[in-house]
Trainee: 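Please see the structure below; I have some questions.
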Amino acid sequence: MAITVSHLTKRFGTFAALSDVSIDIPAGSLTALLGPSGGGKSTLLRIIAGLEPPDAGTVQIGGTDSTTLPPQRRNVGFVFQHYAAFKHMTVAGNVAFGLEIRRQPKAAVKRRVDELLELVHMEQFADRYPAQLSGGQRQRMALARALAVEPEVLLLDEPFGALDAQVRKELRAWLRRLHDEVHVTTVFVTHDQEEAMEVADEIVVINNGRVEQVGTPDELYDKPANAFVMGFLGPVTRLDGVLVRPHDLELFDRPEPSSVAATVQRVVRLGFEVRVDLERDGKGELWVQITRGEAEKLAVTPGIELFVRPVAGAVTAGDG
Amino acid sequence: MTATTADPAAGPRPTPRLRRPGGAGLGLGVGLATSYLSVVVLLPLAAIVARASGHGWGRFWSAVTTPEAAAALRLTLVLGLLVAAVNAVVGTLIAWVLVRDEFPGKRVMDAIIDLPFALPTIVAGLVLLALYGTTSPVHLNLAYARTGVMAALLFVTLPFVVRAVQPVLIELDREMEEAAASLGAERFTIFRRIVLPNLLPAIAAGTALAFARAISEFGATVLISGNLPFKTEVASVQIFSQIESDNTLAAAAVSTVLLLAALAVLLALQAMQRLGVRRA
């Protein structure tokens, strides 16, 4: 089901969490709400789920106006950052909850629970309590619980935020595969641009309660709408007051057309990649990302003078 | 943590052993706690049991089964159960209101909950007699009636469940309830299937303490009950009157029954909580 959010506004006291936010999320897509902490993305997700009422604006799910519907009537699955596991119930009990309150026959509930536990690879943990599981297992259980009632929309609030880096990576790839299998319209909140770029079909960048840009990961990276989006989605450095990606700069050992002179301050080798920090005489600092081969050809060492210019077609953004 | 084992001045030890920090203090602490508990609690209790059983179990049994003693014990236990049950419900409700609702005077109400703890219970008895006595300003005469005794017991045992449930409710993960709501559970279902099971250990603990207190209360009930044998005389008052009539064996015997009832409830509570711990 598609989600349409129109002119949403939400304030907490004097703090404006969302200001006139409108977005369209196509049916069956996997969308990331990306932005810094406190930017309003979680609030937006909670309003879509009905866990928070908006001050103004509307939410449509599958074409029906859901703005005033309680969470019980929205047919939305919600996954929380800290799992929200029912800790007095077993894994199977957690997953069965939504089906039991719909008074489905016992045998049907058991069949569906088994099916879901298999989907999230938790069959062998059915009789455990949440306290006996790792964070990653708890989150997979929470996901199975949300999917059990066949929601029209799946919403995940920083689903991997409380997990360590390795588990995070695994679950990301796994969420992507799961979505390709289940095809439910999925929206997840994250502050991690790598996570958004890796998992999502479409990214909504939200900052200070406003939508900065909506697009595919490639569109956002290659055509950022402004300096904020450019800075948030990847590394940037500054040349003559313009933001540019450090890998979109080239270095020369003699002056070239439209290049500028700079002195090497520091050279850092990160495996294949070499990071060169430069200082332009009285005009600020910048850094350039080059390959190891290029660094050796130029014999980059601290103290020497080099010439910098952006490559043709470099992505740039005015200094916001 | 490691500072206790890394002591360069001690030099190399032949068999370096990891010791828990405060290992030596632990032994001292356990000794002190055990001795204190023995002298202050266990010894007097043992004395009562010894006194009660000193003349053989036949004498003990006949002392607690005299019609008057049996009636007092029955009344005490039944009232204790009733009071504990009422407090389990009302105490949970009050705790809920104090944690989840915002209203003017909330902090005052929160402070007042502890009043029955702070007040000498004889004062509570006097207050209740003034309010519900023969000259009741609200025309509700509960003096010398079982309802009056129950009112007094409700008063003194109110804080137990409230204070047991309150911290658990504060710590309860609200997102569990939101998750249940998004899964389609209505408010009552959320309370019954999500909130209540998580509060049960605390409710049980508070209720057990309220029961133990209710069966042992003396000060609050002695005035309002009028101590009518077979009608309003509770066990603690019966013990008192036995001592006054120099019948220490009967007093000790009835005391031992109260002691056993309280002990049984507390042990049952322990067992229940051990069961609950397995999940957590």
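In what follows, chains carry the letters A, B, and so on, assigned in the order in which the sequence lines appear, proteins first and then strands, with residues in each chain numbered from 1.
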Trainee: Taking every heavy-atom pair that is under 4.5 Å apart, which of A/His82, A/Arg102, A/Arg74 has the most such pairs with chain B?
Mentor: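 It is A/Arg102.
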Trainee: Provide the closest heavy-atom pair for B/Glu186 versus A/Gln72 in the form atom of the first, atom of the second, distance.
Mentor: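 Between these two residues, the closest heavy atoms are CA-NE2, 3.9 Å.
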Trainee: Side chains of B/Glu178 and A/Arg46: does their closest heavy-atom pair fall under 4.5 Å?
Mentor: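 In contact.
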Trainee: For B/Phe103, I'd like to know if atom CZ has over 12 heavy atoms of other residues, nucleotides or ligands within 6.0 Å.
Mentor: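 Check passes, neighbour count above 12.
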Trainee: Is atom NZ of B/Lys106 surrounded by more than 12 heavy atoms (other residues, nucleotides or ligands) closer than 6.0 Å?
Mentor: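 Check passes, neighbour count above 12.
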Trainee: Among B/Arg174, B/Glu177, B/Met176, single out the residue with the greatest number of heavy-atom pairs under 4.5 Å to chain A.
Mentor: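 Answer, by heavy-atom pair count under 4.5 Å with chain A: B/Met176.
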Trainee: With a 4.5 angstrom heavy-atom cut-off, could you sort out which part of A/Val76 is near chain B: side chain, backbone, both or neither?
Mentor: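 Contact with chain B is through the backbone of A/Val76 alone.
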Trainee: What distance separates A/Ile101 CD1 from B/Ile190 CD1, expressed to the nearest 0.5 Å?
Mentor: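 Between A/Ile101 CD1 and B/Ile190 CD1, I get 8.0 Å after rounding to 0.5 Å.
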Trainee: Chain A heavy atoms under 4.5 Å from B/Thr189: which part of the residue, side chain, backbone, both or neither?
Mentor: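 Looking at B/Thr189, just its side chain touches chain A.
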Trainee: Please find the pair of heavy atoms, one from A/Arg145 and one from B/Ala179, that lie closest to each other, and give the distance.
Mentor: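 Closest pair (atom of A/Arg145, atom of B/Ala179, distance): NH2-CB, 3.4 Å.
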Trainee: When you look at CZ of B/Arg100, are more than 12 heavy atoms from neighbouring residues, nucleotides or ligands closer to it than 6.0 Å?
Mentor: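 For B/Arg100, atom CZ is crowded (more than 12 foreign heavy atoms under 6.0 Å).
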Trainee: Hey, are the side chains of B/Asp173 and A/Phe86 touching, using non-hydrogen atoms and a 4.5 Å cut-off?
Mentor: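 No - every pair of side-chain heavy atoms lies 4.5 Å or more apart.
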Trainee: Does the side chain of B/Ile194 come within less than 4.5 Å of A/His88's, by heavy atoms?
Mentor: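 Side-chain contact under 4.5 Å: yes.
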Trainee: Check the surroundings of atom CD in B/Glu171: do more than 12 heavy atoms from other residues, nucleotides or ligands lie under 6.0 Å from it?
Mentor: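 Counting other residues, nucleotides and ligands, CD of B/Glu171 stays at 12 neighbours or fewer.
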Trainee: Name the option with the most non-hydrogen atom pairs under 4.5 Å to chain B; the candidates are A/Ala142, A/Ala84, A/Gly98, A/Ala85.
Mentor: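 That would be A/Ala84.
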Trainee: To the nearest 0.5 Å, tell me how far A/Met89 CE sits from B/Arg193 CZ.
Mentor: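 Going from the CE atom of A/Met89 to the CZ atom of B/Arg193 covers 4.5 Å.
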